[in-house]
*Asks:* 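I have a structure here, written as structure tokens, and I will follow up with some questions on it.
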Amino acid sequence: QVQRVMPNDSFYFSIVRDPAAAAESAFWYFRAAAPAFRRSPSLEAFLASPSRFFRPGQRGNHYARNLQWFDFGLPDPANPQEIPKILGELGRVFPLVLLAERFDESLVLLRHRLCWPQDSVDLFPHNSRGEPHETSPEQRRRLRAWNSLDWALYSHFNQSFWREAEAFGLERLRREAAELRR
């Protein structure tokens, strides 16, 4: 829909976040909006048996599973073999997808892609909840498995991000990210 009203030479970019961190955050942030989260007494209980709490199609439950996939407007693939094709098409629309976990480096790459001068980008935290709830490696594994479409999305764009970073120059990227933080 956006492409219909934008000039043909528009540059689209977005950002993704590790599904384990994104889903853990969504559990707490969307607790009141997502029936699946509301019915669960805790994140641990939800992860022990997500299908016990989750009902597909129930209003608000889009927050409880594959939220990033949903936010990109992607269809739930009927066949897992469709996922690479869907991600390839998405990659053509978004030639640069930033990583939340590498935000400083992402801003450097974005600045260069947009041909902006160095002083055109600044960085300061805003609207963050502080320290996230601690999740165990097993909880992170379960969160990624439950959000498998988000994991495929994140894995795809994590790889494309690092290809972009290598083409830019990893040492140069580290240096410019450090300067941005300073």
*Asks:* Using modelled atom types and a 3.5 Å cut-off, is there a donor and acceptor pairing between side-chain atoms of Trp69 and backbone atoms of Pro75?
*Replies:*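 A pair under 3.5 Å: yes.
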
*Asks:* For Asp150, is there any backbone N or O sitting under 3.5 Å from a side-chain donor or acceptor partner on Asn66?
*Replies:* yes

*Asks:* Is it true that Arg144 and Asp18 make a salt bridge, defined as a side-chain N closer than 4.0 Å to a carboxylate O?
*Replies:* yes

*Asks:* Could you please spell out the steps behind the side-chain contact (heavy atoms from CB on, under 4.5 Å) verdict for Ile15 and Phe157?
*Replies:* CA-CA 9 Å; Ile15 188 166; Phe157 285 117; over 6 Å; no

*Asks:* Arg52 side chain to Ala48 main-chain N or O, any donor-acceptor pair under 3.5 Å?
*Replies:*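 Judged by distance alone, no pair lies under 3.5 Å.
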
*Asks:* So, the side chain of Arg111 versus the backbone of Trp116: is there a donor-acceptor pair under 3.5 Å, distance only?
*Replies:* yes

*Asks:* Give me the atom names and distance for the closest heavy-atom approach of Asn61 to Ala34.
*Replies:* OD1-C, 3.9 Å

*Asks:* Side chain of Ser10, backbone of Pro7: donor and acceptor closer than 3.5 Å?
*Replies:*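 At least one qualifying donor-acceptor pair exists.
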
*Asks:* When you measure from the side chain of Ser120 to the backbone N and O of Pro117, does any donor-acceptor pair fall under 3.5 Å?
*Replies:*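 Indeed, once roles are kept as given, a pair shorter than 3.5 Å links the two residues.
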
*Asks:* Out of the candidates Phe70, Tyr63, Phe37, only one should pair with Phe30 under the ring pair (Phe, Tyr, Trp, His ring centres under 6.0 Å) rule; please name it.
*Replies:*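 In the set Phe70, Tyr63, Phe37, the residue that makes a ring pair (Phe, Tyr, Trp, His ring centres under 6.0 Å) with Phe30 is Tyr63.
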
*Asks:* Side chains of Gln139 and Glu44: do they bring a donor and an acceptor to under 3.5 Å?
*Replies:* yes

*Asks:* Could you report the tightest heavy-atom contact between Pro95 and Glu164, atom names first, then the distance?
*Replies:* O-OE1, 4.4 Å

*Asks:* Above 12 or not: heavy atoms from other molecules or residues under 6.0 Å from CZ of Phe13?
*Replies:*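 Incorrect, the count does not exceed 12.
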
*Asks:* When rounded to the nearest 0.5 angstrom, what is the spacing between CG in Leu87 and CD in Gln159?
*Replies:* 10.0 Å

*Asks:* So, Ser40 side chain and Phe46 main chain: donor-acceptor pair closer than 3.5 Å or not?
*Replies:*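 Yes, Ser40 side chain to Phe46 backbone: donor-acceptor pair under 3.5 Å.
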
*Asks:* What's the separation between atom CG in Leu98 and atom CG in Leu107, rounded to the nearest 0.5 Å?
*Replies:*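 Atom-to-atom, Leu98:CG and Leu107:CG are 7.0 Å apart.
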
*Asks:* Between Arg142 and Leu47, what is the shortest heavy-atom contact and its length?
*Replies:* NH1-O, 3.2 Å

*Asks:* Treating Arg92 as the side-chain partner and Gly88 as the backbone partner, does any N or O pair qualify as donor plus acceptor under 3.5 Å?
*Replies:* yes

*Asks:* Can you name the closest pair of heavy atoms from Ser106 and Phe161 and give their distance?
*Replies:* OG-CE1, 3.3 Å

*Asks:* Inspect the surroundings of CG in Asn8 and state if more than 12 heavy atoms from other residues, nucleotides or ligands are less than 6.0 Å away.
*Replies:*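 No, the 6.0 Å shell around CG holds no more than 12 heavy atoms from other groups.
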
*Asks:* Does a side-chain heavy-atom distance below 4.5 Å link Pro19 with Leu143?
*Replies:* no

*Asks:* Using a 6.0 Å cut-off, check whether atom CZ of Arg181 has over 12 heavy atoms from anything other than its own residue.
*Replies:*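 Counting neighbours around CZ of Arg181, more than 12 heavy atoms of other residues, nucleotides or ligands fall under 6.0 Å, so yes.
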
*Asks:* Specify the closest pair of heavy atoms between Arg31 and Ser42, including all atoms of both residues, with the distance to one decimal.
*Replies:* NH2-N, 4.2 Å

*Asks:* Just verifying a value: how many Å separate Ile86 CD1 and Gln81 CD, rounded to the nearest 0.5 Å?
*Replies:*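 Those atoms lie 11.5 Å apart.
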
*Asks:* Within the 4.5 Å heavy-atom criterion, are Arg113 and Phe11 side-chain neighbours or not?
*Replies:* yes

*Asks:* Does Glu166 come within less than 4.0 Å of Arg163, counting only side-chain N to carboxylate O?
*Replies:* no

*Asks:* Tell me whether the rings of Trp146 and Phe54 are parallel (<30°), tilted (30 to 60°) or perpendicular (>60°).
*Replies:* perpendicular

*Asks:* So does Glu101 get a backbone contact from the side chain of Arg17, meaning a donor-acceptor N/O pair under 3.5 Å?
*Replies:* no

*Asks:* Run Arg182 and Glu179 through side-chain contact (heavy atoms from CB on, under 4.5 Å) and show every step you take.
*Replies:* CA-CA 5 Å; Arg182 218 175 2 268; Glu179 180 61 30; 2.6 Å; yes

*Asks:* Compare all side-chain heavy atoms of Leu43 with those of Thr135 and state whether any distance is below 4.5 angstrom.
*Replies:*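 Leu43 reaches Thr135 side chain to side chain.
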
*Asks:* To the nearest 0.5 Å, what is the distance between CG (Leu109) and CD (Glu176)?
*Replies:*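 Rounded to the nearest 0.5 Å, the CG-CD separation comes to 9.0 Å.
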
*Asks:* With Arg172 as the cation and Phe168 as the aromatic partner, state whether NZ or CZ is under 6.0 Å from the six-membered ring centre and within 45° of the axis.
*Replies:* yes

*Asks:* Counting C-beta onward and ignoring hydrogens, is there a side-chain heavy-atom pair between Asn158 and Leu99 closer than 4.5 Å?
*Replies:* yes

*Asks:* Give a yes or no on whether a salt bridge exists between Glu171 and Arg174, defined as a side-chain N under 4.0 angstrom from a carboxylate O.
*Replies:* yes

*Asks:* Taking all heavy atoms of Leu180 and all of Asp104, pick out the closest pair and write down the distance.
*Replies:*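 Distance-wise, the nearest heavy atoms are CD2-O, 3.7 Å.
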
*Asks:* Hey, are Tyr29 and Glu24 close enough side-chain-wise for a donor-acceptor pair under 3.5 Å?
*Replies:* no

*Asks:* Among Asn147, Val97, Leu149, Val16, which residue satisfies the side-chain contact (heavy atoms from CB on, under 4.5 Å) criterion with Tyr154?
*Replies:* Val16

*Asks:* Roughly how far, to the nearest 0.5 Å, is the CG atom of Leu96 from the NE2 atom of His112?
*Replies:*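 So the NE2 of His112 and the CG of Leu96 are separated by 12.0 Å.
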
